[in-house]
Amino acid sequence: MDDLTLDHAQELIDAALASATEHGWLISAAVIDRHGNLVAFARQDGSTLASGLSAQAKAWTAAAIGASTSDLQPLTAPGPPIHGLPHAAGPNRPITPVPGGIPIRAADGTLLGGIGIGGAPAPGDDHLVADSAVRSA
């Protein structure tokens, strides 16, 4: 598989929503392909506006960098070499090191895109939902 299909993206969204529902969390979930295009998005009733923006930024970051946003968090703290990374892409494409974004890869390791989750009680919870979706879909 060279490209992320709408069907696969929707499977990821559905898995994320199911995981969040199991925990009683209201989230937004976004799937972005490796070219930076939004493929699928869902916002649960009652989740915040910020959760939608956050989910898309996390998905874009995971797709653009090919790394989990939780892996980026310690690297972008003041001091390390990539401290300025969140400002590198400019205002139209925010890069975020906030946990909740995970790259989506084909079986052979090819980067297909990223999934981002926003709105769970803590960023680690967003990561848990994203990870659950990637593992199950």
Side-chain angles (χ1 to χ4, degrees):
M1 177 187 314
D2 291 335
D3 288 315
L4 183 64
T5 66
L6 177 58
D7 287 343
H8 186 202
Q10 193 59 54
E11 287 175 16
L12 290 160
I13 294 287
D14 292 344
L17 296 176
S19 177
T21 299
E22 285 178 21
H23 290 92
W25 301 330
L26 298 175
I27 64 154
S28 289
V31 174
I32 291 181
D33 68 17
R34 67 178 180 215
H35 307 290
N37 301 305
L38 182 63
V39 178
F41 175 81
R43 186 186 69 80
Q44 290 179 300
D45 295 342
S47 64
T48 66
L49 172 62
S51 72
L53 300 172
S54 173
Q56 290 181 56
K58 292 173 186 182
W60 194 87
T61 300
I65 297 186
S68 167
T69 55
S70 62
D71 291 343
L72 295 174
Q73 191 173 41
L75 300 173
T76 59
I82 60 173
H83 167 66
L85 182 65
H87 309 288
N92 295 329
R93 287 295 187 188
I95 292 178
T96 181
V98 177
I102 296 180
I104 301 164
R105 297 189 179 277
D108 67 0
T110 301
L111 181 66
L112 300 176
I115 184 171
I117 306 298
D125 299 332
D126 288 335
H127 179 83
L128 183 143
V129 171
D131 186 58
S132 174
V134 169
R135 290 179 188 275
S136 68

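In this structure, the side chain to side chain contact (heavy atoms under 4.5 Å, CB included) partners of Ala55, at least two apart in sequence or on a different chain, are Ser28, Ala30. Evaluation of the side chain to side chain contact (heavy atoms under 4.5 Å, CB included) rule for Thr21 yields Gln44 as partners, not counting sequence neighbours. The ring pair (Phe, Tyr, Trp, His ring centres under 6.0 Å) search around His35 returns none, not counting sequence neighbours.
Note: the hydrophobic cluster containing Leu38 does not contain Leu111 (ILVMFWY, side chain heavy atoms under 4.5 Å, direct or indirect links). Linking Ile, Leu, Val, Met, Phe, Trp and Tyr whenever their side-chain heavy atoms come within less than 4.5 Å puts Ile27 and Val134 in one cluster. No chain of hydrophobic side-chain contacts below 4.5 Å, direct or via other Ile, Leu, Val, Met, Phe, Trp or Tyr residues, connects Leu53 to Val98. A continuous path of ILVMFWY side-chain contacts below 4.5 Å connects Leu112 to Ile13, so both sit in one hydrophobic cluster. One hydrophobic cluster, built from ILVMFWY side chains closer than 4.5 Å, cannot hold both Leu26 and Ile117; they sit in different ones.
With hydrogens and angles ignored, the 3.5 Å screen pairs no side-chain donor or acceptor of Ser132 with any backbone N or O of Leu128.
For residues 6-24, there are no salt bridge (charged side-chain N to carboxylate O under 4.0 Å, His left out) pairs, not counting sequence neighbours. Applying the ring pair (Phe, Tyr, Trp, His ring centres under 6.0 Å) rule to pairs touching residues 13-33 yields His23-Trp25, sequence neighbours excluded.
Asp33 places none of its side-chain heavy atoms less than 4.5 Å from the side chain of Asp3.
Here the CD-CG distance, from Gln10 to Leu17, works out to 8.0 Å after rounding to the nearest 0.5 Å. Note that CD1 of Ile115 and CD1 of Ile32 are 10.5 Å apart. Values are rounded to the nearest 0.5 Å. To the nearest 0.5 Å, atoms CG (Leu4) and CZ (Arg34) are separated by 9.5 Å.
Taking every heavy atom of both residues into account, Ala59 and Gly116 meet most closely at CB-N, 3.3 Å. The two residues Arg105 and Gly66 have their closest heavy-atom pair at NH2-O, 2.8 Å. Residues Ala29 and Ala16 approach most closely at CB-CB, 4.2 Å, considering heavy atoms. The minimum heavy-atom distance linking Ala62 with Pro103 is given by the pair CB-N, 3.6 Å.
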Donor-acceptor pairs under 3.5 Å, side chain of residues 119-126 to any protein atom, not counting sequence neighbours: which ones?
residue	atom	partner	partner atom	Å
Asp125	OD2	Ala122	N	3.2
Asp126	OD1	Gly119	N	3.4
Asp126	OD1	Ala120	N	2.9
Asp126	OD2	Lys58	NZ	2.8

